[in-house]
Amino acid sequence: MTQKIIPVIMAGGKGTRLWPLSRASAPKQFIQFVGNRTLYQATLARLADPTLYEAPIVVTNEDFRFLVAEQARELDVELAGTLLEPVARNTAAAIAAAAALILDRHGPDAVMQVLASDHEIIADQRYFDAIRSARDAAIAGRLVTFGITPTEPATGYGYIEAGESLGGGAHAVRRFVEKPPLKEAEHMLADGGFYWNSGIFMFTAGKLMEEMEAHAPEVAEAAREAVANAVTDLDFIRLDAAAFIRSPDISIDYAVMEKTSNAAVVPSSFTWSDLGSWDAVWKLGTRDEAGNMVSGNATLMDTRDSLVMSRTSHLAVQGLENVVVIASEDAVYVGRLEESQNVGRMVKKLAADKATSPLTETHPTSYRPWGGYTSILNGDRFQVKRLFVSPGKKLSLQKHHHRSEHWICVKGTAEVTVGDEVKTVRENESVYIPQGEVHRLANPGKILLEMIEVQTGSYLGEDDIIRIVDEFGRG
């Protein structure tokens, strides 16, 4: 039987390069840009072949743990484990921790594939041919990276120069090249033998830890100890903070791949993008005859080669070319499409202003293990939210010191606890929660429950929640 691969999905990033849809608290891997799946869910779907893959391990953080679990549950995907990083320590520490866990569970010969949760990939035959080539090279003792055949002299990616053939589609790595200026990128494409560095890796757990101990021993030691002293919490594995924090903050490329003599690259022609800018989203999206990619509520006239997406108000765009217009619930970004890689500069400007910094951190929609809520309207001593509760889920039994709440059911059926009374609230019915009263909201049905919540009181912060009973282990 051919050896199966253990996928390790990196899902802890908090990037804002696709602002305003992507925020620090709601990053791009958990967002539906096009279609009915998030990028993280699309990653899980690529691992669905049980003859090729074992159940995946996900590395993330405290803030995203329930998003990781819930979005996997929506696809009926069982995770082999969810590692929670106590602090961000770049990719070397995260990958080393996953390798240490796999070593303990499966031994040194287990093949692991490291992949990002926020890349767009078309998993055609070329993709799976590359996966199998990489697996063979990994079993032979190589640390394999996937090199994407460049389609343009991109300056936003690092490059890999391939050396001699190792057989089976793999090549030795001659050198890694940092993100180059345009002229150098053009020369590399003209010369041939250079590939985009995809950030996808394949190696055995034992070989990775052996190379890590040789080239980055502090990372290896911290990872081993963090796994050895980890604590299981529900379906999550909390890495030991005291050990993990001692790891240097360094990428797997700098820690190992650029130092080892066993690096290999599998040149790959499948469609790939790290979706690092709105320009990249436009290039990969389905465009109309005028070159426009449109998603959501929008009408275009005399507009060409543009990206227009709206999650809220209707956008009317007229007489423009090569622009990007993105509307979220609380912000709109407009810029030149070819300059969209610089959206980070705009985010930094917003973050530097106390009045606008929340726009870079939080999103109007927040996700919780039971579903989530969207902030609709805020005022003096009141706010309005839309609550959505997944089938079979319930909020904690709780109370508030400073506010009362009115709940109106707009979809589904709610089971509401108020004090000692449990009542059923159906569509177009409401219930009142007095200030200080113990209460709980649950969805006993099989469809999504939606409620409009009106809060009134002297303090409306999320920290005015006193949880009495909580099935998700929150205090």
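Residues: numbered from 1 along the sequence shown.
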Residues Glu225, Arg246: salt bridge by 4.0 Å N-O rule | yes
For the pair Asp330 and Arg311, find out whether any cationic side-chain nitrogen is under 4.0 Å from an anionic carboxylate oxygen.
-> no
Taking everything shown except Met346 itself, do over 12 heavy atoms lie less than 6.0 Å from its CE?
-> no
State whether the number of non-hydrogen atoms from other residues, nucleotides or ligands found under 6.0 Å of Asp235 atom CG is greater than 12.
-> no
Given Thr260 and Phe203, is the side-chain contact (heavy atoms from CB on, under 4.5 Å) satisfied, shown in steps?
-> CA-CA 13 Å; Thr260 179; Phe203 27 66; over 6 Å; no
Please check if atom CD in Glu450 has more than 12 non-hydrogen atoms from other residues, nucleotides or ligands closer than 6.0 Å.
-> yes
Do the ring centers of Phe30 and Phe64 come within less than 6.0 Å of each other?
-> yes
Indicate yes or no for a side-chain donor-acceptor contact from Ser396 to the backbone of Gln398 under 3.5 Å, with no hydrogens or angles considered.
-> no
Ala230: side chain to side chain contact (heavy atoms under 4.5 Å, CB included) partners, not counting sequence neighbours | Ile237
Are the side chains of Val266 and Val144 in touch, meaning some heavy atoms are under 4.5 Å apart?
-> yes
Any side-chain donor near an acceptor of the partner, Glu329 and Thr312, under 3.5 Å = no
For Glu78, does the CD atom sit with more than 12 other heavy atoms under 6.0 Å from it, leaving out its own atoms?
-> no
Determine whether more than 12 heavy atoms belonging to other residues, nucleotides or ligands lie under 6.0 Å from atom CZ of Phe176.
-> yes
Please say whether more than 12 non-hydrogen atoms of neighbouring residues, nucleotides or ligands are located less than 6.0 Å from CG in Asp353.
-> yes
Atom CD of Glu184: over 12 foreign heavy atoms under 6.0 Å | yes
Compute whether any side-chain donor of one residue and acceptor of the other, for Ser277 and Asp279, lie under 3.5 angstrom apart.
-> no
Heavy-atom check, side chain of Leu115 versus side chain of Met10, under 4.5 Å | no
Ion pair Glu62/Arg238, N-O distance below 4.0 Å = yes
Would you name the heavy atoms of Gly163 and Arg174 that are closest together and state the gap between them?
-> CA-NH2, 3.8 Å
Between Glu221 and Arg224, does at least one N-O distance fall below 4.0 Å, as a salt bridge requires?
-> no
Name the orientation class of the two ring planes belonging to Phe270 and Tyr127 (parallel below 30°, tilted from 30 to 60°, perpendicular beyond 60°).
-> perpendicular
Please check if the distance between the ring centroids of Tyr195 and Tyr157 is under 6.0 Å.
-> no
Are the side chain of Asn262 and the backbone N or O of Leu143 linked by a donor-acceptor pair below 3.5 Å?
-> no
Side-chain donor or acceptor of Asn292 paired with backbone N/O of Ser306 under 3.5 Å = yes
Can the ring centroids of Trp370 and Phe388 be said to lie less than 6.0 angstrom from one another?
-> no
Residues Lys283, Glu152: salt bridge by 4.0 Å N-O rule | yes
Does Val389 offer a backbone N or O that forms a donor-acceptor pair with the side chain of Asn443 under 3.5 Å?
-> yes
Do the charged groups of Arg89 and Glu85 touch, with an N to O distance under 4.0 Å?
-> no
Taking atom types as modelled, find out whether Arg73 and Ser390 have a side-chain donor-acceptor pair closer than 3.5 angstrom.
-> no
Lys259, NZ: over 12 other non-hydrogen atoms inside 6.0 angstrom | yes
Are a donor atom and an acceptor atom from the side chains of Gln32 and Asn36 found within less than 3.5 Å of each other?
-> no
Any side-chain donor near an acceptor of the partner, Ser269 and Thr149, under 3.5 Å = no
Check whether any side-chain N or O of Lys28 sits under 3.5 Å from a backbone N or O of Leu275 as a donor-acceptor pair, and report yes or no.
-> yes
Do Tyr159 and Phe194 have ring centroids that are under 6.0 Å from one another?
-> no
Is the shortest side-chain N to carboxylate O distance from Glu321 to Arg304 below 4.0 Å?
-> no
